[in-house]
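Please read the structure below before turning to the comments.
Proteins come first, then strands; the chains are lettered A, B, ... in the order of their sequence lines, and each starts at number 1. We use all heavy atoms of the structure for the numbers below, so side chains are in, but hydrogens, waters and symmetry mates are not.
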Number of protein chains: 2
Amino acid sequence: MVTIKDVAKHAGVSVATVSRVLNEIGYVHEDTRRMVEKAIQELDYTPNEVARSLYKRKSRLIGLLLPDITNPYFPQLARGVEDRMQESGFRLIFGNSDESEQKERDYIQTFVQNNAVGIISSTNFPGMESYRRLNIPVVFLDRISSDRPAVYADGREGGRIAAQQIIERGSRRVTVLQGPAHIRPAQDRFQGAVEVLQDTGVAYEVIRTASFALKEAEEKAKELFAAFPDTDGVIASNDMAAIAVLHEALRLGKKVPEEVQIIGFDDIPLIGLLSPPLSTIRQPAYDMGYKAAELMIRLIEGQTVELRNIQMPVEFVERGSTRKKPENEYVDR
Amino acid sequence: MVTIKDVAKHAGVSVATVSRVLNEIGYVHEDTRRMVEKAIQELDYTPNEVARSLYKRKSRLIGLLLPDITNPYFPQLARGVEDRMQESGFRLIFGNSDESEQKERDYIQTFVQNNAVGIISSTNFPGMESYRRLNIPVVFLDRISSDRPAVYADGREGGRIAAQQIIERGSRRVTVLQGPAHIRPAQDRFQGAVEVLQDTGVAYEVIRTASFALKEAEEKAKELFAAFPDTDGVIASNDMAAIAVLHEALRLGKKVPEEVQIIGFDDIPLIGLLSPPLSTIRQPAYDMGYKAAELMIRLIEGQTVELRNIQMPVEFVERGSTRKKPENEYVDR
DNA sequence: TTGTAAGCGTTATCAC
DNA sequence: GTGATAACGCTTACAA
């Protein structure tokens with residue numbers, strides 16, 4: 001391993017001088033600079049980030065905590081975060097939390113032990129003590145918390161749109177999948193949907209889910225059609241749940257969208273290729289990750305951040321699991 | 001930040017003693033140990049990994065480099081790696097290479113700058129100088145190289161199976177998508193398929209692709225049916241390519257699998273839900289990641305590794321994009 | 001403009 | 001059994 005000392009020796013200067021040219025700080029004679037740069041070149045030297053980090057008590061590392069990268073929604077968030085971070089020379093320590101409080105705690109500990117300068121997290125436990133204690137910036141992603149900045153989609157509006165669309169397209173006995181109770185964006189979606197359902201007086205039922213796991217979604221889908229066999233419209237809490245519902249509906253011989261309409265949430269890759277392709281409320285996942293990273297960088301750099309909560313717009317993506325909108329019928333709101 | 005000094009002071013001992021109980025090394029009196037442990041508890045102390053890493057010249061960090069986590073195949077690899085690593089207390093610095101040599105180089109540099117103890121990579125450039133220079137273990141994942149250990153699926157066998165199956169099920173004018181030329185597993189698949197095609201004397205054509213990107217796959221799919229409109233069977237280089245081919249076939253009004261059979265490779269999530277669901281050659285992605293991590297850990301711990309190359313089995317997953325096998329017709333090999 | 005040296009939080013060597 | 005202390009590779013006062 002070649003160190004700053006080697007470079008100093010090779011260039012015939014002190015380590016302080018090498019450090020100065022490395023960090024472009026303080027005075028250093030043009031000729032000296034060139035000598036040092038030549039030495040760096042020749043020795044193929046790269047500074048040891050660990051030593052730097054130790055002295056400065058901060059690294060160029062960001063902790064990224066996601067529930068499960070295997071769920072197609074999260075890679076896009078991750079990618080958005082990574083792309084923005086790498087533009088500014090930050091790197092990610094990455095972990096899956098599996099919606100486990102213990103794993104989250106462990107990862108948060110790792111992050112601080114490694115002098116991470118910030119944490120971006122799609123936590124399931126935003127109120128957790130571990131977060132509260134942190135004295136580095138935290139940005140919640142696809143989550144909401146009163147005590148930390150956050151980037152998320154407009155769930156309430158998404159829920160409203162889903163309900164409006166499914167009603168406009170003719171469903172009259174709607175079932176709403178309610179996502180995990182402790183996750184705000186999920187509840188917002190739910191409430192937005194219920195709000196419209198109540199206002200328009202359309203009959204609806206509710207099925208509660210506790211996690212985002214596919215397995216649970218499959219069980220709930222069965223439960224749904226067992227409990228409400230005559231439902232003619234399902235507003236799912238996310239696309240994975242919608243897929244489970246779609247599957248179960250088809251298995252029961254129901255025609256989608258003729259007998260049951262289904263609307264998902266997220267717009268994960270490939271759902272446009274299912275049969276029927278899934279209509280959904282699109283969240284701009286990549287952009288959300290990107291924005292979260294942007295916010296984090298501002299926080300790290302100590303800039304005053306006007307907007308601590310960034311809400312992203314959602315939109316209805318019409319595909320085959322909903323019926324065509326009747327042309328002459330206008331439902332306003 | 002509470003340091004080992006604080007703990008020492010609090011417990012009325014020296015930092016050396018604290019370090020001893022921390023690392024369970026050397027002699028320390030039972031009573032002293034208890035005092036120290038109490039102090040650690042009370043101060044909620046966790047050792048600074050950066051300082052440790054600096055002194056020992058090695059961290060608990062592993063570099064993981066994947067082409068693009070947004071491609072549904074890679075999250076599973078990542079998850080397998082992560083799960084195994086976390087069992088042994090290792091953490092991941094993660095990066096997407098986008099099949100870019102420069103990005104790979106940058107990430108490798110980061111890894112070494114942060115004292116990573118190993119690198120697991122699905123590189124597109126296994127022969128790259130940056131890898132050669134490394135003096136920490138490298139494990140290639142889903143890639144093959146003569147100078148580094150690797151974990152990959154049996155591509156040749158996969159290609160053979162794909163060809164056999166598509167022939168047995170009746171295709172007689174097969175088109176084979178040849179994956180990126182410099183990636184061994186992709187070439188193995190191709191060669192395996194061609195081998196069987198030639199042996200059985202079935203007519204076939206080849207379309208070359210350069211990357212794994214979906215966009216290119218879509219172009220090649222168009223090219224495929226333009227060049228060989230009467231092909232009745234496509235062996236794709238991976239599932240994303242197969243999806244593109246499926247889409248294009250359907251767009252052209254071809255019936256799948258009646259007029260064209262399609263076989264993918266990988267078995268990524270959700271392709272079983274497409275219409276028709278995609279038949280494919282399954283790679284055990286999660287297991288591959290897990291095994292790669294396992295191999296890496298052995299390498300790190302300096303254990304002699306009998307098996308430097310781990311080849312995983314593949315299997316045909318029959319779904320709707322291939323026809324049923326004629327019951328009375330036996331094709332052997 | 002450059003060099004010396006202290007210090008970042010650990011671990012490990014060597015006395016005691 | 002335990003404590004001083006050098007060392008890991010870097011940055012930054014401070015001195016020259």
* Describe, as an angle rounded to 10 degrees, how the axis at the first end of the helix from C:dT1-D:dA16 to C:dC16-D:dG1 is tilted relative to the axis at the last end, five pairs per end. => 50°
* Asked: Is there side-chain contact between B:Val117 and B:Phe90, with at least one heavy-atom pair below 4.5 Å?
  -> yes
* Structure fact -> Minimal heavy-atom distance between B:Ile40 and B:Val7, with the atoms involved, is CG1-CG1, 3.8 Å
* Classify the nucleic acid contact of B:Thr32 as base, sugar-phosphate or nothing, counting any heavy atom under 4.0 Å across all strands shown. => sugar-phosphate
Only pairs under 3.5 Å count here: list side-chain donor-acceptor contacts from residues 121-129 of chain A, not counting sequence neighbours, and write none if there are none.
| unit_1 | atom_1 | unit_2 | atom_2 | d |
| --- | --- | --- | --- | --- |
| A:Ser121 | OG | A:Thr123 | N | 3.1 |
| A:Ser121 | OG | A:Tyr131 | OH | 2.7 |
| A:Ser122 | OG | A:Leu141 | O | 2.9 |
| A:Thr123 | OG1 | A:Glu104 | OE1 | 2.7 |
| A:Thr123 | OG1 | A:Glu104 | OE2 | 2.9 |
| A:Thr123 | OG1 | A:Phe125 | N | 2.7 |
| A:Asn124 | OD1 | A:Arg143 | NH2 | 3.2 |
| A:Asn124 | ND2 | A:Glu99 | OE1 | 2.8 |

* Going 5' to 3' on DNA chain C, which nucleotide is the first and which the last to come under 4.0 Å of a heavy atom in chain B? -> C:dG9 to C:dT13
* Heavy-atom pair with the smallest gap, counting every atom of A:Met312 and A:Asp287 -> CE-CB, 3.7 Å
* Verify side-chain contact (heavy atoms from CB on, under 4.5 Å) between A:Val112 and A:Arg133, making sure each step is shown before the conclusion. => CA-CA 11 Å; A:Val112 330; A:Arg133 273 209 307 252; over 6 Å; no
* Side-chain ion pair, A:Glu101 and A:Arg105, N-O less than 4.0 Å -> yes
* Under 3.5 Å, side chain of A:Gln311 to main-chain N/O of A:Tyr152, donor-acceptor pair present? -> no
* Spell out protein contact along nucleotides 5-12 of chain D as letters: B when the base is contacted, S when just the sugar-phosphate is, - when no protein heavy atom is under 4.0 Å; keep the 5' to 3' order. => B-BBBSBB
* Begin from the C-alpha positions of B:Thr110 and B:Asn114 and carry the test side-chain hydrogen bond (donor to acceptor under 3.5 Å, both in side chains) through to its verdict. => CA-CA 6 Å; B:Thr110 305; B:Asn114 286 94; 5.5 Å; no
Under 3.5 Å, side-chain donor or acceptor atoms of residues 74-82 of chain B against the rest of the protein: list the pairs with distances, not counting sequence neighbours.
| unit_1 | atom_1 | unit_2 | atom_2 | d |
| --- | --- | --- | --- | --- |
| B:Arg79 | NE | A:Asn96 | OD1 | 3.4 |
| B:Arg79 | NE | B:Asp83 | OD1 | 3.2 |
| B:Arg79 | NH1 | A:Asp68 | OD1 | 2.8 |
| B:Arg79 | NH1 | A:Asp98 | OD1 | 3.0 |
| B:Arg79 | NH2 | A:Asp98 | OD1 | 3.1 |
| B:Arg79 | NH2 | A:Asp98 | OD2 | 2.5 |
| B:Arg79 | NH2 | B:Asp83 | OD1 | 3.2 |
| B:Glu82 | OE2 | A:Asn96 | N | 2.6 |
| B:Glu82 | OE2 | A:Tyr107 | OH | 2.8 |

* Listed by chain and number, what are the salt bridge (Lys or Arg N to Asp or Glu O under 4.0 Å) partners of B:Glu30, not counting sequence neighbours? -> B:Arg33, B:Arg34
